[in-house]
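Note sheet for the following structure.
Predicted model, so just to flag it, every value in this text is computed and none were measured.
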Amino acid sequence: MSTLSSALAASLQNSDAIGPLITGVISGRNFVLQDEMVSNSPYACLMVADMPSHGVPYLGGDNDRVSGQIEVRAVSATSEDAAKALIEAVKAHLRSLSSLPWGGGQLPFGLVGWSLYSDTSDDLLQWIEILTIDFKAVE
């Protein structure tokens, strides 16, 4: 997991608006831990993972070009509405960020955009909102 996605996971976990809505934040894709987290009150969790690769074939400068992606999954065992409310809280949190606290300093976070889609688990017992965050490395 990259330093930036680790800092984002910590920021989401420590958010006053998001913290009470979740059992915890999972770094990476650990579906066993996800199942454990959604089996405890408040029956929801977040997963934060780096996307493996992202590139834009492009000639010219790189102003406002996406340099990476992070995926945030909001998982709820309560309802689809709970998963949607959780991902809306994540989006509100992201809008407020220009940097993330990490190691006693701040990591720049240049949010460029995001995409969102919904899913469910194979057994239809969990609702999932998947937010893919595009960011630009800020120097």
Side-chain angles (χ1 to χ4, degrees):
M1 194 162 172
S2 72
T3 302
L4 187 62
S5 60
S6 295
L8 178 59
S11 177
L12 293 169
Q13 176 73 49
N14 295 325
S15 163
D16 291 339
I18 296 170
L21 302 176
I22 58 175
T23 307
V25 177
I26 302 166
S27 300
R29 291 184 178 88
N30 184 334
F31 298 104
V32 172
L33 185 54
Q34 170 188 306
D35 290 344
E36 289 174 14
M37 283 196 175
V38 298
S39 67
N40 296 300
S41 181
Y43 311 108
C45 69
L46 293 175
M47 292 175 63
V48 178
D50 294 305
M51 298 300 285
S53 174
H54 183 77
V56 178
Y58 165 73
L59 296 174
D62 64 354
N63 291 344
D64 297 326
R65 303 303 290 180
V66 173
S67 60
Q69 293 181 313
I70 296 173
E71 181 181 275
V72 178
R73 290 178 179 235
V75 183
S76 173
T78 306
S79 70
E80 182 178 15
D81 288 342
K84 289 184 182 304
L86 179 54
I87 208 68
E88 287 303 317
V90 169
K91 287 166 46 179
H93 184 74
L94 291 172
R95 284 184 193 102
S96 71
L97 298 176
S98 61
S99 64
L100 294 162
W102 189 254
Q106 294 286 319
L107 293 175
F109 182 69
L111 179 66
V112 176
W114 59 56
S115 60
L116 175 66
Y117 69 95
S118 302
D119 198 2
T120 59
S121 61
D122 291 337
D123 55 8
L124 304 177
L125 296 176
Q126 296 173 352
W127 290 268
I128 306 164
E129 294 292 315
I130 303 170
L131 183 68
T132 303
I133 302 163
D134 299 328
F135 65 89
K136 179 180 183 234
V138 180
E139 299 180 22

| query | Does a side chain donor of either K84 or S79 reach within less than 3.5 Å of an acceptor in the other side chain? | reply |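 No, no side-chain donor-acceptor contact under 3.5 Å.
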| request: Scan side-chain atoms only and decide if T132 and Q69 contain a donor-acceptor pair under the 3.5 Å cut-off. | output: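 No donor-acceptor contact under 3.5 Å links the two side chains.
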Quiz item: To which residues is M47 joined in a hydrophobic cluster, defined by side-chain heavy-atom contacts under 4.5 Å among Ile, Leu, Val, Met, Phe, Trp and Tyr, whether direct or through other members?
Solution: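 Under the 4.5 Å side-chain rule, M47 groups with I26, F31, L33, M37.
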Margin query: I'd like to know whether D35 forms a side chain to side chain donor-acceptor pair (under 3.5 Å) with Q126, so could you lay out the CA-CA distance, the side-chain angles of the two residues, the decisive distance to 0.1 Å, and finally the verdict.
Written below: CA-CA 9 Å; D35 290 344; Q126 296 173 352; 3.1 Å; yes
Would T23 and N40 count as a side chain to side chain donor-acceptor pair (under 3.5 Å) if you check the C-alpha gap in whole Å, the side-chain angles of each, and the deciding distance to 0.1 Å?
-> CA-CA 7 Å; T23 307; N40 296 300; 5.9 Å; no
Do you know which two heavy atoms are closest between [X] and [Y], and how far apart they sit?
| X | Y | value |
| --- | --- | --- |
| S76 | A82 | OG-CB, 3.4 Å |
| P42 | T78 | O-OG1, 3.9 Å |
| P101 | A7 | O-CB, 3.9 Å |
| V38 | A77 | O-CB, 3.6 Å |

When rounded to the nearest 0.5 angstrom, what is the spacing between [atom1] in [X] and [atom2] in [Y]?
| X | Y | atom1 | atom2 | result |
| --- | --- | --- | --- | --- |
| S15 | H93 | OG | NE2 | 5.0 Å |
| I130 | I87 | CD1 | CD1 | 9.0 Å |
| R73 | D119 | CZ | CG | 7.0 Å |

| request: Go through the steps to decide whether T3 and S6 satisfy the test side chain to side chain donor-acceptor pair (under 3.5 Å), and finish with yes or no. | output: CA-CA 5 Å; T3 302; S6 295; over 6 Å; no
| said: Using the rule that Ile, Leu, Val, Met, Phe, Trp and Tyr join whenever any side-chain heavy atoms are under 4.5 Å apart, tell me whether L100 and L131 fall into a single cluster. | reply: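 Yes, L100 and L131 fall within the same hydrophobic cluster.
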K91: salt bridge (Lys or Arg N to Asp or Glu O under 4.0 Å) partners, not counting sequence neighbours:
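In terms of salt bridge (Lys or Arg N to Asp or Glu O under 4.0 Å), with neighbours along the sequence ignored, K91 is linked to E88.
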Query - Residue pair W114 / D134, side-chain heavy-atom distance below 4.5 Å - result: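 With C-beta onward as the side chain, the pair stays apart.
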